[in-house]
Number of protein chains: 2
Amino acid sequence: MDTVINKVDAKGRVSLPADYRAIVKELNSEIVCYRSLSAPCIEGCVEDLLEKLAAEIENSTDFFSQTQDDLTNLIFGDARRFTFDSTGRIVLTEKLLQHAEITDTAVFVGKGRKFQIWNPQNWAKEEARIRAEVMKKRPVLNTGKCGGTN
Amino acid sequence: MDTVINKVDAKGRVSLPADYRAIVKELNSEIVCYRSLSAPCIEGCVEDLLEKLAAEIENSTDFFSQTQDDLTNLIFGDARRFTFDSTGRIVLTEKLLQHAEITDTAVFVGKGRKFQIWNPQNWAKEEARIRAEVMKKRPVLNTGKCGGTN
DNA sequence: TAAAATACCATGATATACCATAATTAATGT
DNA sequence: ACATTAATTATGGTATATCATGGTATTTTA
């Protein structure tokens, strides 16, 4: 999954990248989106992944624990299923768009089993930050034979 | 899933969100509501879940404890079935509305297998509280696959 | 029989599904 | 390797269906 940039129209409609659609179709599941907890972006995944997470929460905490209550509220309260129409678009809600500061353009970033949707400028900054972070943590690579320029 | 905000009229009528109705219809079951034990809100679920809930209470608290009896009594004493009319509305009782401090607007908050109905302002505060709380406890979450920092 | 609760009807708003065109990517042949 | 064609994908616009909500009629019950 690479990063693709798509337009968002006045109604919040965006084309879900074809690659993503293919996966969703194959699993014949549905997309779920929610506000990321860690960044100003929308996060999405396939529905069953969310259910697994819920199951994990239920198993890892006491049924009546405050934490479990909080987590289920946060996750299921925020998340929503998004079905795409015959042309492959979903309509993002105002809440999600605001959280990600998206107006007319959005960047889809693959993240393994999930993906994120960013405001292009914010993503550019974030990507730069990540690059810097990686370089700092792995100075070894710069001298080695493997990841170099050649 | 999701949070939707609906109006409550003078008679206590509220539209049960369409998604919820779809589920109830599919399971051809009915909605049960009761005063939440942990927060100033109304809690609801599909009828058969309430029985499972009772079982979970028995498992998660000491079998001989008074607490368990109290919990089951509280919930079952309070719970009531709510059928929705042809337009998809239920009428909430005065008791429930007062407990949740709801007058003319209500927020439905998805909670996985259950849902909650809140006074909008109270929910806003609660959501803020939860987000803050979760951020504090973040390390625990990072082991999961969906919703972590990454 | 009066009051309350419930079921039904009608309308406006909103969101969804569909169609048509533009742009991009992939494929083909020269 | 390039140009041309074909196929897929993205986007703008419009029609349709669904949903929420105010109001009214009918049933229940006290």
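Chain naming here is simple, since letters A, B, ... match the order of the sequence lines and numbering starts at 1 in each.
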A.B. asks: Rounding to an integer number of Å, can you tell me how far A:Asn6 CG sits from D:dT8 P?
C.D. replies: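 These atoms are roughly 19 Å apart.
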
A.B. asks: Using whole Å, what does the distance between atom C1' of nucleotide C:dT24 and atom CD1 of A:Ile5 come to?
C.D. replies: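 Nearest whole value for this atom pair: 14 Å.
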
A.B. asks: Which salt bridge (Lys or Arg N to Asp or Glu O under 4.0 Å) pairs, counting each pair once, include a residue from residues 76-90 of chain A, with sequence neighbours left out?
C.D. replies: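 Pairs touching residues 76-90 of chain A that pass the test: A:Glu30-A:Arg81, A:Arg35-A:Asp78, A:Glu47-A:Arg81, A:Asp78-A:Lys95, A:Arg80-B:Asp2.
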
A.B. asks: Identify the heavy atoms of A:Val91 and A:Lys11 that sit nearest to each other, and give their distance.
C.D. replies: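 Here A:Val91 and A:Lys11 meet closest at CB-O, 4.3 Å.
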
A.B. asks: Measure the distance from CG on B:Asp2 to P on D:dC19 and round it to the nearest whole Å.
C.D. replies: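 Result: 14 Å.
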
A.B. asks: What are the two closest non-hydrogen atoms of B:Thr83 and B:Ile90, and how far apart are they?
C.D. replies: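 Scanning both residues, the minimum pair turns out to be O-CG2, 3.8 Å.
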
A.B. asks: Applying ring-ring contact (aromatic ring centres under 6.0 Å, His included), can you list everything that pairs with A:Phe108, at least two apart in sequence or on another chain?
C.D. replies: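 With neighbours one apart ignored, the set is A:Tyr20.
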
A.B. asks: Verify the neighbour count for atom CZ of A:Arg131: are there more than 12 heavy atoms of other residues, nucleotides or ligands below 6.0 Å?
C.D. replies: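 No, CZ of A:Arg131 has 12 or fewer neighbouring heavy atoms, counting only those of other groups under 6.0 Å.
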
A.B. asks: Do you know which two heavy atoms are closest between A:Leu50 and A:Cys45, and how far apart they sit?
C.D. replies: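 Looking at all heavy atoms of both residues, the shortest contact is N-SG, 4.4 Å.
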
A.B. asks: Looking at DNA chain D, which of residues 10-34 of chain B put a heavy atom within less than 4.0 Å of it?
C.D. replies: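 Nucleic-acid contacts, sorted: B:Lys11, B:Arg13, B:Ser15, B:Leu16, B:Pro17, B:Ala18, B:Arg21.
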
A.B. asks: In terms of side-chain geometry, is the basic nitrogen of A:Glu56 or A:Lys52 positioned less than 4.0 Å from the acidic oxygen of its partner?
C.D. replies: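 No, A:Glu56 and A:Lys52 are not salt-bridged.
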
A.B. asks: Rounding to 10°, can you tell me the angle the first-five-pair axis of the helix from C:dT1-D:dA30 to C:dT30-D:dA1 makes with its last-five-pair axis?
C.D. replies: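 Between the axes fitted at each end of the helix from C:dT1-D:dA30 to C:dT30-D:dA1 lies an angle of 40°.
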
A.B. asks: Which of residues 82-97 of chain A have a heavy atom under 4.0 Å from DNA chain D?
C.D. replies: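 The answer is A:Thr87, A:Arg89.
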
A.B. asks: Let me know the distance between CG of B:Asp9 and P of C:dT6, rounded to the nearest Å.
C.D. replies: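 Result: 13 Å.
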
A.B. asks: Going by the rule side-chain hydrogen bond (donor to acceptor under 3.5 Å, both in side chains), which residues pair with A:Gln66 if we only count those two or more places apart in sequence or in a different chain?
C.D. replies: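 For A:Gln66, the residues satisfying side-chain hydrogen bond (donor to acceptor under 3.5 Å, both in side chains) (neighbours in sequence not counted) are A:Asp70.
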
A.B. asks: From the options A:Leu96, A:Val32, A:Val14, select the one residue that forms a side chain to side chain contact (heavy atoms under 4.5 Å, CB included) with A:Phe82.
C.D. replies: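 Exactly one pass, corresponding to A:Leu96.
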
A.B. asks: Under the criterion side-chain contact (heavy atoms from CB on, under 4.5 Å), I'd like the reasoning laid out for A:Asp69 against B:Lys111: C-alpha separation, chi angles, the key distance, then a yes or no.
C.D. replies: CA-CA 8 Å; A:Asp69 242 37; B:Lys111 212 167 161 36; 3.6 Å; yes

